[in-house]
Amino acid sequence: MKRWATIALLGAALWLPAVHTRLAQADTSVTESGFAAGLALAIDGEPMAESLRAAFVKPGQVLALSADSLSLDADLTLQTSGAGVIEQAAAARWRWRAPRAPGAYPLVIHDRANGRHRRINIFVQKPFDSRRTEIDGYRIGHYEPHGLRGDANSAPPDALIQVTPANRDMAVSAHFTLGQFLCHQQPDHWPKYLRLRPRLLEKLEHLHAALREAGIALDTITVMSGYRTPWYNADIGNTTVYSQHLFGSAADIFVDADGDGRMDDLNGDSAVDTADARWLADLVEAVVAEQPSLAGGMSVYPANAAHGPFVHIDVRGVRARW
């Protein structure tokens with residue numbers, strides 16, 4: 001078991017008393033997900049969506065973390081697994097250097113004044129030379145040497161998230177775990193590897209919230225296909241070398257609140273068919289209309305002998321329909 005160490009906001013040593021952070025009064029009500037609305041976080045200056053629970057970094061990368069919109073009596077501490085290095089600490093500001101070894105390293109920010117907290121699972125990726133076709137015996141295949149029309153989001157990866165039996169069930173957002181996005185290949189091989197964009201998680205979480213608002217209660221949205229290695233993508237007959245699945249930007253999804261492994265009757269017509277996938281697609285359209293930064297591709301697919309109807313969504317940044 002890893003030893004946990006508490007870092008005080010203004011202290012450089014372990015186990016120092018926490019220091020009060022006194023900022024403008026803010027609302028600290030608890031959201032539906034159980035986290036304090038006032039404990040907003042930013043990484044490298046970018047606000048972190050409240051629904052996200054993970055960040056993906058490279059070995060040795062330095063993350064600048066900050067907590068904002070705090071109550072007047074906030075009393076924060078940063079808890080780590082004992083790995084990584086806190087390079088700087090100030091009121092509600094930290095700089096954490098990732099360790100060299102790939103794996104999952106939880107960070108938890110506690111507000112001891114009210115018992116609330118925010119946990120981030122930091123996944124240190126393993127460097128990958130895209131000229132190779134495998135990593136640790138896990139087949140990757142060939143990425144194109146350059147991104148599509150120069151887009152960095154479709155460039156070959158220089159690092160991949162390592163997934164093990166120990167971390168596959170760790171949360172990456174409020175309602176999704178890392179293992180839900182694994183490629184369907186080499187089922188008995190460990191470790192496995194994948195890519196996953198936080199923006200895809202944001203889109204899925206907004207859709208999950210929209211489903212709940214529509215009266216559909218479910219723990220998660222089923223991800224039928226998330227990340228695909230180029231090897232697997234070619235093996236299943238896909239000729240698209242820039243598929244969004246290859247870059248952790250896409251998910252084929254359906255709603256399965258009753259747990260039978262297929263799409264539910266979403267439109268209430270007592271049948272499960274493509275009309276239910278279209279109902280889900282319409283909800284995705286509504287989400288993107290409210291969140292234009294989550295624009296991407298979408299398509300409705302009918303059932304076949306292997307699966308029920310489903311919807312493809314991605315976050316390529318521009319609208320695409322087929």
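Note that the coordinates shown come from a computational prediction; the quantities given were computed from them, not determined experimentally.
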[X]/[Y] ion pair, N-O < 4.0 Å:
X	Y	result
Asp260	Arg262	no
Arg139	Glu134	no
Asp151	Arg149	no
Asp111	Arg118	no

Return yes if some donor-acceptor pair links the side-chain N/O of [X] with the main-chain N/O of [Y] below 3.5 Å, else return no.
X	Y	result
His142	Arg132	no
Arg53	Ser51	yes
Asp256	Gly261	yes
Gln186	Gly137	yes
Lys192	Pro187	yes
Asp129	Arg131	yes
Arg95	Val85	no
Tyr193	Ile140	no
Glu202	Arg199	no
Thr220	His175	yes

* Asked: With sequence neighbours left out, which residue pairs that include part of residues 280-289 fulfil the salt bridge (Lys or Arg N to Asp or Glu O under 4.0 Å) condition?
  ->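 Residue pairs passing salt bridge (Lys or Arg N to Asp or Glu O under 4.0 Å), neighbours aside: Glu285-Arg319, Glu285-Arg321.
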
Could you give the side-chain donor-acceptor pairs of residues 272-280 under 3.5 Å, partners two or more places apart or in another chain?
| residue | atom | partner | partner atom | Å |
| --- | --- | --- | --- | --- |
| Asp273 | OD1 | Ala275 | N | 3.0 |
| Asp276 | OD1 | Leu266 | N | 2.8 |
| Asp276 | OD1 | Asn267 | N | 3.1 |
| Asp276 | OD2 | Asp273 | N | 2.9 |

* To do: Compute the ring centroids of Phe247 and Tyr227, then answer whether they are less than 6.0 Å apart.
  =>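 Ring centres of Tyr227 and Phe247 not closer than 6.0 Å.
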
* Asked: Can you check whether Tyr301 and Phe310 have ring centres sitting under 6.0 Å from each other?
  ->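 They qualify: ring centres under 6.0 Å apart.
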
Cluster question for you: counting only ILVMFWY and a side-chain heavy-atom cut-off of under 4.5 Å, with indirect links fine, are [X] and [Y] together?
X	Y	result
Val315	Leu148	yes
Tyr232	Tyr143	no
Met224	Phe176	yes
Ile161	Trp231	no
Leu294	Leu211	no

Please tell me if the side chains of [X] and [Y] come closer than 4.5 Å, counting only heavy atoms from C-beta onward.
X	Y	value
Phe181	Arg195	no
Pro127	Pro59	yes
Trp96	Glu87	no
Leu41	Asp68	no
Pro106	Arg119	yes
Leu218	Val255	yes
Tyr138	Pro191	no
Val284	Lys203	yes

I need the [X] [atom1] to [Y] [atom2] distance, nearest 0.5 Å.
X	Y	atom1	atom2	result
Met263	Asp258	CE	CG	11.5 Å
Thr177	Leu182	OG1	CG	8.5 Å
Glu46	Ser66	CD	OG	10.5 Å
Leu194	Leu178	CG	CG	5.0 Å

* After noting the C-alpha distance and the side-chain angles of Asp252 and Arg228, does the key distance pass the salt bridge (Lys or Arg N to Asp or Glu O under 4.0 Å) rule? -> CA-CA 11 Å; Asp252 296 339; Arg228 296 178 192 162; 3.1 Å; yes

Would you list the atom pairs, donor with acceptor, under 3.5 Å between side chains in residues 235-242 and any protein atom, with sequence neighbours excluded?
| residue | atom | partner | partner atom | Å |
| --- | --- | --- | --- | --- |
| Asn238 | ND2 | Asn233 | OD1 | 3.1 |
| Tyr242 | OH | His146 | O | 2.6 |

* Check step by step if salt bridge (Lys or Arg N to Asp or Glu O under 4.0 Å) holds for Arg112 and Asp73. => CA-CA 9 Å; Arg112 300 198 300 186; Asp73 61 347; over 6 Å; no

* To do: In sequence, state the C-alpha distance, the side-chain angles, and the governing distance for Ile253 and Thr222, and then conclude on side-chain contact (heavy atoms from CB on, under 4.5 Å).
  => CA-CA 6 Å; Ile253 59 172; Thr222 301; over 6 Å; no

Looking only at heavy atoms, which two atoms of [X] and [Y] are closest? And how far apart?
X	Y	answer
Gly45	Pro47	O-CD, 3.7 Å
Phe128	Leu160	CG-CD1, 3.9 Å
Trp322	Gly297	CZ3-CA, 3.9 Å
Ala217	Ala257	O-CB, 3.7 Å
Val124	Lys58	CG1-C, 4.1 Å
Ser173	Leu201	OG-CD2, 4.1 Å

* Derivation and outcome, side-chain contact (heavy atoms from CB on, under 4.5 Å), residues Trp94 and Leu63 -> CA-CA 8 Å; Trp94 306 267; Leu63 288 184; over 6 Å; no

* Please test Leu65 against Arg93 for side-chain contact (heavy atoms from CB on, under 4.5 Å), starting from the C-alpha separation and ending with a verdict. => CA-CA 6 Å; Leu65 298 102; Arg93 302 288 186 271; over 6 Å; no

* Does atom CG of Asp219 have more than 12 heavy-atom neighbours, drawn from other residues, nucleotides or ligands, at distances under 6.0 Å? ->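 Atom CG in Asp219 is not packed in, count stays at 12 or less.
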
* To do: For atom NE2 of His307, decide whether the heavy atoms of other residues, nucleotides or ligands shown that lie under 6.0 angstrom number more than 12.
  =>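 More than 12 heavy atoms, drawn from other residues, nucleotides or ligands, come within 6.0 Å of this atom.
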
* **Derivation and outcome, side-chain contact (heavy atoms from CB on, under 4.5 Å), residues Leu200 and Gln244** => CA-CA 11 Å; Leu200 177 63; Gln244 294 293 306; over 6 Å; no

